[in-house]
Amino acid sequence: MVAQLLIRMRHAPDRLLHGVRRRAALAMVVARRRPTLVLVVCYGNVCRSPFGAAALRRALAGTPIVVASGGFVGSDRRPPAEAIAAAAERGLDLSRHRSRLLVPDVMRAAGLVVVMEPGQRDAVCARFGVHPPDVLVLGDLDPEPLGTRAIHDPVHQPAEVFDEVYARIERCVGALAGALKRLPRERTGLSAGGV
């Protein structure tokens with residue numbers, strides 16, 4: 001009981017600021033030129049970012065936007081069985097996915113970088129020189145004001161946790177795809193938002 005109360009108190013600022021952050025995140029997306037590449041990032045590129053990329057790719061079908069994913073550590077690793085199963089329940093196939101490391105060329109090509117945690121935003125900016133306005137914390141788009149901005153890593157967790165995390169990613173991806181679909185191909189007088 002005390003532990004739950006402490007967790008709720010620690011995440012109170014995120015809950016209180018969620019509406020402001022959500023409006024700012026949507027405004028950031030719609031104030032840019034339509035990206036040709038959206039890069040979805042998480043720590044290991046085996047659970048969250050491959051699912052987020054697959055969900056966004058499906059949501060943007062019929063648009064010219066390319067969606068890719070990557071991570072900070074390890075390459076050529078398969079998603080865990082729980083990730084593959086949870087994605088399959090949502091009609092997405094992660095069985096062929098292999099983790100990819102983030103590389104400078106792909107970062108430069110991305111018109112928008114989407115991360116799962118605020119710390120990943122900081123790391124992308126510090127390691128690759130990406131401008132903070134070109135990096136979106138996906139959890140900021142959640143229509144539901146949950147206790148934290150971060151979309152937690154479900155790795156080594158039971159199937160139920162994957163279901164919760166993937167449901168949240170789908171909600172956020174739906175908001176992102178809706179905003180991206182409304183963007184014109186070119187905007188004059190605005191930053192290209194490239195990285």
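Fair warning: this is a prediction, and the values are worked out from it, not measured in the lab. Any value given below was found using the heavy atoms of this structure, including those in side chains, with hydrogens, waters and symmetry copies removed.
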Asker: Are any non-hydrogen side-chain atoms of Met28 and Leu136 less than 4.5 angstrom apart?
Answerer: yes
Asker: Testing the basics here: between Gly74 and Ser99, what is the closest heavy-atom pair and its distance to 0.1 Å?
Answerer: O-OG, 3.5 Å
Asker: Are Ile169 and Val155 connected in a single hydrophobic cluster, I mean Ile/Leu/Val/Met/Phe/Trp/Tyr linked by side-chain heavy atoms less than 4.5 Å apart?
Answerer: no
Asker: Enter the distance from Ile151:CD1 to Leu141:CG here, rounded to the nearest 0.5 Å.
Answerer: 9.0 Å
Asker: Among Leu101, Val124, Asn45, find the one that has a side chain to side chain contact (heavy atoms under 4.5 Å, CB included) with Phe72.
Answerer: Val124
Asker: Sub-3.5 Å donor-acceptor pair from the side chain of Arg121 to the main-chain atoms of Glu117, do we have one?
Answerer: no
Asker: Between Asp142 and Arg149, does any NZ, NE, NH1 or NH2 come within less than 4.0 Å of an OD or OE carboxylate oxygen?
Answerer: no
Asker: For residues 157-166, run the donor-acceptor check on the side chains, cut-off 3.5 Å, and write out each pair with its distance to 0.1 Å, sequence neighbours left out.
Answerer:
{"unit_1": "Tyr166", "atom_1": "OH", "unit_2": "Cys47", "atom_2": "O", "d": "2.8"}

Asker: To the closest 0.5 Å, what do you measure between CZ (Arg98) and CZ (Arg78)?
Answerer: 4.5 Å
Asker: Between Lys181 (side chain) and Thr63 (backbone), is there a donor-acceptor pair under 3.5 Å?
Answerer: no
Asker: What are the two closest non-hydrogen atoms of Leu94 and Ala54, and how far apart are they?
Answerer: CD2-CB, 4.2 Å
Asker: Linking I/L/V/M/F/W/Y whenever any side-chain heavy atoms sit under 4.5 Å apart, do Leu56 and Leu26 land together?
Answerer: yes
Asker: Determine the minimum heavy-atom distance between Cys42 and Ser49, stating which atoms define it.
Answerer: SG-OG, 3.0 Å
Asker: Measure the spacing between SG of Cys125 and CE of Met107 and express it to the nearest 0.5 Å.
Answerer: 8.0 Å
Asker: With side chains defined as the heavy atoms from C-beta onward, is the minimum distance between Val115 and Val135 less than 4.5 Å?
Answerer: yes
Asker: Within a strict 4.5 Å, meaning less than it, do heavy atoms of the Arg100 and Asp76 side chains meet?
Answerer: no
Asker: If only atom types and distance count, is the side chain of Arg48 paired as donor or acceptor with the main-chain N or O of Gly44 below 3.5 Å?
Answerer: no
Asker: State, to 0.1 Å, how close Pro143 and Arg171 come at their nearest heavy-atom pair, and which atoms those are.
Answerer: CD-CB, 3.8 Å
Asker: Do Arg22 and Asp140 meet the salt-bridge criterion of a basic N to acidic O distance under 4.0 Å?
Answerer: no
Asker: Taking it one step at a time, do Met116 and Val40 satisfy side-chain contact (heavy atoms from CB on, under 4.5 Å)?
Answerer: CA-CA 8 Å; Met116 300 293 157; Val40 184; 3.6 Å; yes
Asker: Is there a side-chain contact between Asp134 and Val113, using heavy atoms and a 4.5 Å cut-off?
Answerer: no
Asker: Tell me, do Leu180 and Ile65 make a side-chain contact under 4.5 Å, heavy atoms counted?
Answerer: yes
Asker: Give me the atom names and distance for the closest heavy-atom approach of Arg168 to Thr148.
Answerer: NH2-O, 2.9 Å
Asker: Of all heavy-atom pairs between Ala179 and Val30, which one has the smallest distance, and what is that distance?
Answerer: CB-CG1, 4.1 Å
Asker: Tell me, please, which residues at least two apart from Arg90 pass side chain to side chain donor-acceptor pair (under 3.5 Å).
Answerer: Glu170
Asker: Taking the side chain as every heavy atom from C-beta outward, state whether Arg34 and Val38 have any atom pair closer than 4.5 Å.
Answerer: no
Asker: Any non-hydrogen side-chain atom of Val41 less than 4.5 Å from a side-chain atom of Leu102?
Answerer: yes
Asker: In Å, rounded to the nearest 0.5 Å, how long is the span from CG of Leu112 to CG of Leu39?
Answerer: 9.0 Å
